[in-house]
Amino acid sequence: MNGPYVLALGDVDAGRIADVGGKGAQLGALSRIDGVLVPDGFCVTTDAFRRMRAEAPSLDDLLGRLARVAADDREAVRELSALVRETIEEIPVPGDIAAAITGALARTGERSAYAVRSSATAEDLPTASFAGQQDTYLNVVGPAAVLRHVSRCWASLFTERAVTYRQRNGIDHRTVHMAVVVQRMVFPEASGILFTADPVTGNRKVATVDAGFGLGEALVSGLVNPDVYKVRDGEIVDRAIAAKQRAVHARPEGGTQDVVIAPERQREPALTDDQVVRLVRLGRRIEAHFGRPQDIEWCLVDGGFRIVQSRPITTLFPVPERDDDDPRVYISVGHQQMMTDPMKPLGLSVWLLTAMAPMYEAGGRLFVDATPRLAAPASRAALLDLIGKGDPVIRDALETVLDRGFVPTRPDAAPAGPPPGGAPAPIPADPAVVAELVDRNRADVAALKRDIRTKTGPALFEFLLEAFQEHKRVLGDRRSMQAIMAGMEATWWLNDTLEEWLGETNAADTLTLSAPGNITSEMGLALLDVADVIRPHPEVVAFLQGVEDEDFLDRLGKLEGGAEARDAIEGYLDRYGMRCVGEIDITRPRWSERPTTLLPVVLDHVRNFGPGAAAQRFERGRQKASRKEQEVLSRLRALPDGEAKAAEAERMIDRLRTFIGYREYPKYGIISRYFVYKQALMREAGSLARDGVLAGAEDVFYLTFQEFHEAVRSRRVDEGLVRRRKEAFRSYEALTPPRVLTSEGEAVSGSYRRDDVPAGALAGLAVSAGTVEGRARVVLDMADADLEAGDILVTAFTDPSWSPLFVGIAGLVTEVGGLMTHGAVIAREYGLPAVVGVEGATRLIRDGQRIRVHGTEGYVEILTDGQPPA
């Protein structure tokens with residue numbers, strides 16, 4: 001049977017994807033597993049598809065046009081994909097291909113019924129399943145019908161949904177080819193899907209079985225609700241038997257039909273308990289063979305199971321790799337750092353090399369193992385208390401895991417003795433302490449810049465490994481940590497105590513306004529000063545509105561007022577150009593590398609503000625905070641023992657305003673060091689690219705720091721590794737990282753468990769007091785921001801790089817965040833009502849809707865339907 005156009009299914013294995021597509025390769029691999037029965041059949045190879053394409057040169061032009069269409073241009077995708085399908089279906093199957101197919105049918109049963117199934121080369125892959133993107137035809141009878149349906153499978157490579165899916169996954173249509181699987185049809189008593197990991201929670205220990213009567217198309221098409229079983233450790237732990245009113249059966253003459261199930265059978269289980277357990281056992285064998293959780297299509301025939309497909313479940317969030325099988329509970333680092341996007345390998349490895357605590361990578365994100373602290377009662381209580389202050393949703397998720405007994409309790413460690421030299425003295429509320437810390441940080445960065453200049457080649461990497469140790473010393477500086485905690489503890493004390501004494505909620509929010517020394521809030525205000533320089537020069541404004549390339553600063557100086565504008569922008573970049581969205585990933589483009597990122601914000605400031613807005617705004621905040629302090633102290637003095645209470649509150653307000661601004665400086669210092677590292681590393685990457693070791697300098701982003709070091713030493717890079725890492729990164733971009741993840745793969749979702757949120761409102765965490773109503777602007781990329789005065793910013797997360805937007809908005813809503821994360825701190829300093837941690841905010845709130853943000857109570861009301869922005 002084997003030849004260039006037809007391969008027997010039994011002769012195909014997982015290494016033949018290029019010949020038989022993902023589905024064909026998977027079925028061939030399945031047929032080789034002991035105890036797994038796969039219906040017999042053959043594959044029409046991709047050579048046949050290419051031969052068919054050669055018969056119609058016009059296809060190349062159509063595919064070129066299709067490749068240039070944007071994925072969101074649905075009308076163009078619909079029209080062009082329909083034209084491609086029509087062209088393919090009109091091409092007769094070439095004679096030698098038709099002969100090979102009919103010859104294979106003669107050997108397997110010419111008059112038998114067959115399933116004719118498309119099998120693309122970008123299908124059922126570890127990083128993109130493409131499930132349901134191409135077509136399958138059941139109960140096809142006779143050679144002529146099989147040939148016709150082979151053509152239809154070829155054409156289904158260009159269904160609208162398949163084209164859009166490929167475009168969104170960055171896959172060129174012209175590089176994907178279609179094979180076709182032709183299998184003997186089975187006529188099952190029951191069929192369905194087995195997930196060897198729970199597709200909802202991600203738990204790898206729990207298998208889920210969906211089952212219905214007849215062919216599986218009834219389930220896939222949504223014609224019936226299936227019976228659902230959950231199986232753990234060989235036992236059914238949950239079941240739901242549905243009323244299965246209909247089923248899909250084969251027609252004698254070919255094709256399928258819906259049939260009504262007799263009422264007395266509708267509530268019967270499609271499988272016995274023994275069959276469910278046996279099916280899961282078979283699924284575990286398949287999972288072990290492929291090395292990852294599987295989505296398995298099965299049929300029950302004469303009491304035995306036939307497997308008609310198995311593909312990887314690509315929607316599961318990966319689990320950190322460990323050397324043991326002990327239960328582990330991981331907390332997302334990205335939710336603390338306000339960057340839940342995936343990081344590239346170089347970014348991950350540099351962060352791991354510079355981090356203070358051990359971390360684990362999964363799905364391009366970082367996690368910390370909280371298990372040791374959760375296991376001991378004393379450290380558990382301290383951890384839950386600390387996390388609960390910042391992000392109650394994470395605390396609730398951890399408590400959910402603990403309530404299940406997932407983490408075995410261990411004795412508390414023996415109390416540690418006093419530190420050498422005794423306990424550190426409390427840090428005084430003296431601005432000179434902060435000034436000293438800032439000066440020391442600046443000196444450290446300046447020394448790094450000076451010392452790294454002469455380092456190249458392998459010596460650079462040795463130098464950086466030493467610099468990373470200094471980096472960790474800076475991070476762990478005891479005095480710096482004391483200053484950070486002093487500001488945070490003062491905030492907590494004021495909020496808790498003033499609520500108890502005065503009944504006032506979140507009083508510290510107003511007392512924080514325009515706190516001195518906050519590098520992040522200063523960064524936002526400084527861009528208003530840049531706008532002041534640009535605003536008087538219409539020619540400069542018009543020029544900046546049309547800028548598309550990154551070398552615009554060179555041309556800007558030639559315009560009237562352009563030299564001053566250029567100097568203002570460059571001055572801003574000198575101080576803040578190391579920042580960017582997702583800045584904890586060293587591979588992300590910095591503002592100095594991509595200054596056009598800032599132009600939409602600058603131009604919004606030119607349009608929406610007048611001269612001197614930065615100083616005016618800061619002074620208004622400072623005065624409001626001062627008035628609030630006097631009001632609080634006056635009210636306290638009127639209470640019993642009021643003078644003592646007022647004195648204690650005044651001391652805490654002084655500590656708050658002395659130290660809360662410094663909360664942002666260590667991150668600025670870290671990112672300043674990161675930019676120095678990156679500039680040196682990119683010089684080496686450029687050398688590798690010039691020597692042809694890399695296709696492009698940014699390919700080093702897909703190497704770890706250690707691999708990059710070896711590439712510089714050996715002048716060799718594995719191109720296949722880079723390609724695989726790029727594919728993996730694309731798959732990670734489609735995943736949503738959980739706040740809490742267990743070693744069983746379960747993504748544990750916490751909740752606020754509140755009864756004070758009005759019906760229909762979206763619950764979140766109150767981080768900056770006040771109530772504001774306005775137009776929601778849903779912004780997923782800072783570069784796409786188009787804000788008017790009074791708009792409310794709705795986004796997934798904000799890190800310090802978003803602060804320039806904060807000066808032009810009236811309120812803030814994010815999906816991720818905590819009380820002491822950067823967005824919350826800056827929102828308080830600017831006096832913006834803010835609610836963070838609103839699950840699904842960018843999906844549930846539509847751009848242009850009118851919303852009301854309750855920053856004191858912690859919820860968001862949606863008031864009107866969205867209107868297109870003016």
Side-chain angles (χ1 to χ4, degrees), residues 4-7 16-25 43-98 100-101 116-125 127-137 147-182 314 695-696 723-724 726-727 730-731 733-734:
Y5 301 131
V6 170
L7 290 173
R16 302 295 295 270
I17 289 177
D19 298 320
V20 298
K23 185 174 288 151
C43 297
V44 181
T45 68
T46 54
D47 279 345
F49 177 80
R50 280 187 284 268
R51 170 73 189 285
M52 175 277 299
R53 274 185 55 179
E55 301 284 322
S58 62
L59 271 176
D60 286 335
D61 177 60
L62 287 173
L63 296 182
R65 290 168 57 191
L66 193 58
R68 293 188 291 272
V69 172
D72 56 359
D73 189 347
R74 298 182 62 180
E75 186 60 34
V77 169
R78 183 181 300 114
E79 290 179 4
L80 276 172
S81 59
L83 187 55
V84 171
R85 292 195 304 276
E86 181 182 335
T87 301
I88 291 174
E89 289 191 39
E90 289 177 353
I91 301 170
V93 177
D96 48 351
I97 297 175
I101 294 171
V116 182
R117 314 173 69 192
S118 52
S119 178
T121 52
E123 182 179 21
D124 294 346
L125 305 178
T127 58
S129 78
F130 283 73
Q133 298 304 313
Q134 283 89 42
D135 291 341
T136 288
Y137 303 96
L147 289 173
R148 185 167 62 254
H149 284 87
V150 166
S151 285
R152 294 177 69 181
C153 282
W154 285 338
S156 76
L157 186 62
F158 299 99
T159 60
E160 182 182 345
R161 65 182 181 274
V163 167
T164 301
Y165 192 91
R166 282 196 297 273
Q167 286 176 314
R168 287 178 177 166
N169 282 273
I171 298 172
D172 189 333
H173 307 299
R174 291 163 291 193
T175 65
V176 181
H177 302 101
M178 178 70 82
V180 180
V181 177
V182 181
T314 59
R723 184 179 63 254
R724 292 190 297 274
K726 288 180 178 180
E727 292 170 355
R730 279 196 295 268
S731 73
E733 288 181 300

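For reference, positions follow the sequence shown, starting with 1.
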Residues T87, R53; criterion side-chain contact (heavy atoms from CB on, under 4.5 Å); working and verdict: CA-CA 10 Å; T87 301; R53 274 185 55 179; over 6 Å; no
CA sep, side-chain torsions, deciding dist, call: T164, R74, side-chain contact (heavy atoms from CB on, under 4.5 Å): CA-CA 8 Å; T164 301; R74 298 182 62 180; over 6 Å; no
S118 vs V180, side-chain contact (heavy atoms from CB on, under 4.5 Å): CA-CA, chis, key distance, verdict: CA-CA 5 Å; S118 52; V180 180; 5.6 Å; no
Derivation and outcome, side-chain contact (heavy atoms from CB on, under 4.5 Å), residues M52 and S151: CA-CA 9 Å; M52 175 277 299; S151 285; over 6 Å; no
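In terms of heavy-atom proximity, V116 sits nearest to V150 at CG1-N, 4.1 Å. G21 and A179 get closest at one heavy-atom pair: N-CB, 4.0 Å. In terms of heavy-atom proximity, S119 sits nearest to G24 at OG-N, 2.8 Å. A pairwise comparison of heavy atoms in T46 and A18 identifies OG1-O, 2.6 Å as the closest pair.
Looking at heavy atoms from C-beta onward, I101 lies in side-chain contact with V44 at the 4.5 angstrom threshold. In this structure the side chain of V163 never reaches within 4.5 angstrom of the side chain of L157, judged on heavy atoms.
Distance alone, capped at 3.5 Å, is enough to place a donor-acceptor pair between the R85 side chain and the F158 backbone. With hydrogens and angles disregarded, no donor-acceptor distance shorter than 3.5 Å links the side chain of R65 to the backbone of D61. Proximity of a side-chain donor or acceptor of T159 to a complementary backbone N or O of A162 within less than 3.5 Å is detected. At least one donor-acceptor pair under 3.5 Å links the side chain of T121 to the backbone N or O of H177.
For R50, the salt bridge (Lys or Arg N to Asp or Glu O under 4.0 Å) test picks out D47, with sequence neighbours left out. Checked against salt bridge (Lys or Arg N to Asp or Glu O under 4.0 Å), R78 has the following partners two or more places apart in sequence or in another chain: E75, E160. Applying the salt bridge (Lys or Arg N to Asp or Glu O under 4.0 Å) criterion to R152, with sequence neighbours excluded, gives no partner residue.
If you take OG1 on T45 and CZ on R16, they are separated by 9.0 Å, rounding to the nearest 0.5 Å. Taking CZ of R148 as the start and SG of C153 as the end, the distance is 12.0 Å to the nearest 0.5 Å. We find the CG-CZ distance between D73 and R68 to be 13.0 Å, quoted to the nearest 0.5 Å. One distance of note links CD of E89 with OG of S156; it measures 9.0 Å at 0.5 Å rounding. Atom CD1 in I97 sits 11.0 Å away from atom CZ in F49 (nearest 0.5 Å). The line from CH2 of W154 to CE of M178 is 10.5 Å long, rounded to the nearest 0.5 Å.
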